[in-house]
Amino acid sequence: MKTIDIKNWNRKEHFLFFSRMDYPQYNICMDIDVTNFLAFIKARRLSFYYSMIYVTSTALNRIKNFRYRIRDGKVVLHDQIHPSFTDMDEDKNAELFKFVTLDLQGDIETFEKKAKEANKNQTEYFEFEKLAGRDDLIFITCIPWISFTHISHTISLNKNDSVPRISWGKYFKRDGKVWLPFSVQVNHALVDGLHIGKYIDELQQYIDNLK
């Protein structure tokens, strides 16, 4: 992690402009093609959810702007950010979820295995004490029951909140391909539409080339 010299930052004007907004967060939704990704994980008997967390987090780390965070009036750039995701309680009848946080390490098979273990071993729904002071995170959730066209997130009205929110819904077939409703929510002081576009291109190329 390093601290950015805002005075000499090429993004200075954009950062200061959007930092004045009462609510600088914004959300963009789109469909991504998961035809090849679905075939890849089915052939290896991997969880769609955990595997998707891995590929979305890996691709996000490749776009620098998503690793910026606003902290105490300063901007920092993390070397790597990690997924903190919702996961259903193993007691399906409870219909409750928990927040699970896991370092992004290893390959997709290793991560999928560790994610399953982390969910199984976590007994509390919200382990906030483990996350205190951390902003090197990506908040991820899934609504697998709905193929949404838009989604919004609960958020504290803190305009310095700069942790990206990634979400997806129920995949569906169209024109011979499988599509996934996908959402990206970010702080405009750090991330523009251009960067979201670069991220979606990076993610699409990544999952299209899995073999």
Side-chain angles (χ1 to χ4, degrees), residues 1 32-63 66-67 69 78-147 151 153 163-172 177-185 199-211:
M1 184 191 71
I32 62 173
D33 181 358
V34 294
T35 309
N36 183 67
F37 175 75
L38 194 59
F40 174 86
I41 63 163
K42 283 185 175 180
R44 289 158 180 78
R45 298 183 179 181
L46 298 173
S47 158
F48 182 94
Y49 185 47
Y50 297 139
S51 299
M52 196 69 190
I53 291 171
Y54 180 84
V55 297
T56 56
S57 299
T58 299
L60 199 76
N61 267 282
R62 295 174 181 174
I63 309 300
F66 288 91
R67 292 186 278 113
R69 298 291 182 270
H78 287 287
D79 293 332
Q80 186 179 26
I81 52 179
H82 307 277
S84 183
F85 52 93
T86 60
D87 210 342
M88 294 302 294
D89 192 294
E90 289 204 313
D91 179 5
K92 303 301 182 183
N93 293 324
E95 296 187 346
L96 295 170
F97 68 90
K98 63 184 75 170
F99 289 144
V100 179
T101 302
L102 190 63
D103 284 348
L104 186 62
Q105 296 178 342
D107 58 18
I108 192 169
E109 287 89 355
T110 301
F111 180 86
E112 190 251 13
K113 181 179 179 180
K114 288 184 176 180
K116 287 181 178 178
E117 292 174 352
N119 180 42
K120 182 178 181 180
N121 295 333
Q122 182 172 315
T123 57
E124 297 181 23
Y125 290 117
F126 310 118
E127 294 186 325
F128 293 128
E129 67 282 356
K130 291 185 178 181
L131 302 181
R134 289 189 65 178
D135 59 9
D136 60 333
L137 301 173
I138 312 159
F139 293 152
I140 297 176
T141 193
C142 174
I143 315 295
W145 310 279
I146 303 170
S147 293
I151 187 172
H153 297 280
V163 175
R165 272 84 168 163
I166 304 295
S167 311
W168 55 85
K170 181 180 180 180
Y171 57 75
F172 61 94
K177 294 184 176 181
V178 183
W179 299 88
L180 184 73
F182 197 80
S183 166
V184 182
Q185 182 167 310
Y199 168 54
I200 295 303
D201 286 345
E202 181 69 37
L203 175 60
Q204 190 67 69
Q205 291 180 36
Y206 182 25
I207 61 178
D208 282 349
N209 290 321
L210 289 172
K211 296 179 181 179

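Computation of the quantities below employed the complete heavy-atom set of this structure, encompassing side-chain atoms and omitting hydrogens, waters and symmetry-equivalent molecules.
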Would you kindly say whether [X] and [Y] are connected by a side-chain donor-acceptor distance under 3.5 Å?
| X | Y | result |
| --- | --- | --- |
| H82 | T101 | no |
| D87 | Y49 | no |
| T58 | N61 | no |
| N121 | E117 | no |
| D107 | Y54 | no |

*Is the F48 to F37 ring centre distance short of 6.0 Å?*
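Ring centres of F37 and F48 closer than 6.0 Å.
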
_Criterion ring-ring contact (aromatic ring centres under 6.0 Å, His included) against F99, the qualifying member of Y125, F139, F126, F85_ =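 Passing option: F126.
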
With no hydrogens and no angle check, is any side-chain donor or acceptor of [X] less than 3.5 Å from a backbone partner on [Y]?
| X | Y | value |
| --- | --- | --- |
| N119 | D89 | no |
| S57 | I53 | yes |
| R44 | F40 | yes |
| S147 | F172 | no |
| R165 | V163 | yes |

Indicate yes or no: at least one non-hydrogen side-chain atom of [X] is less than 4.5 angstrom from one of [Y].
| X | Y | value |
| --- | --- | --- |
| K114 | Q105 | yes |
| I143 | K170 | no |
| T86 | I140 | no |
| P164 | R69 | yes |

For a quick test of reading the model, state the closest non-hydrogen atom pair linking [X] to [Y] and the distance between them.
| X | Y | value |
| --- | --- | --- |
| H78 | D135 | NE2-OD1, 2.7 Å |
| S167 | H153 | OG-CE1, 2.7 Å |
| Y199 | I166 | CE2-CD1, 4.1 Å |
| L60 | I81 | CD2-CD1, 4.0 Å |
| R134 | D136 | NE-OD1, 2.9 Å |
| L180 | G169 | CD1-O, 3.2 Å |

Between [atom1] on residue [X] and [atom2] on residue [Y], distance to nearest 0.5 Å:
| X | Y | atom1 | atom2 | answer |
| --- | --- | --- | --- | --- |
| D201 | R62 | CG | CZ | 13.0 Å |
| K98 | E124 | NZ | CD | 10.0 Å |
| F111 | S47 | CZ | OG | 10.0 Å |
| Y206 | T56 | OH | OG1 | 10.0 Å |
| Q205 | L210 | CD | CG | 12.0 Å |
| S84 | K130 | OG | NZ | 11.5 Å |

*Residues, nucleotides or ligands: over 12 heavy atoms within 6.0 Å of E129 CD*: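 More than 12 heavy atoms, drawn from other residues, nucleotides or ligands, come within 6.0 Å of this atom.
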
*Chi angles and distances behind the side-chain contact (heavy atoms from CB on, under 4.5 Å) call for Y171, L38*: CA-CA 10 Å; Y171 57 75; L38 194 59; 3.8 Å; yes

*asked:* Let's go through L203 and F182 carefully: what are the C-alpha distance in whole Å and the side-chain angles of both, what is the deciding distance for side-chain contact (heavy atoms from CB on, under 4.5 Å) to 0.1 Å, and is it a yes or a no?
replied: CA-CA 11 Å; L203 175 60; F182 197 80; 3.7 Å; yes

*Checking side-chain contact (heavy atoms from CB on, under 4.5 Å) for the pair Y50/I108: CA distance, chi angles, key distance, verdict?*
CA-CA 9 Å; Y50 297 139; I108 192 169; over 6 Å; no

*Any salt bridge between K177 and D33, counting N to O under 4.0 Å?*
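Counted as a salt bridge, because a side-chain N and a carboxylate O are separated by less than 4.0 Å.
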
*Does the distance from a Lys or Arg side-chain N to an Asp or Glu carboxylate O, for E112 and K116, drop under 4.0 Å?*
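Result for this pair is yes, salt bridge flagged.
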
_Please evaluate residues V55 and M52 with respect to the criterion side-chain contact (heavy atoms from CB on, under 4.5 Å), reporting the C-alpha separation (whole Å), side-chain torsions for both, the decisive distance (0.1 Å), and the verdict._
CA-CA 5 Å; V55 297; M52 196 69 190; 4.0 Å; yes

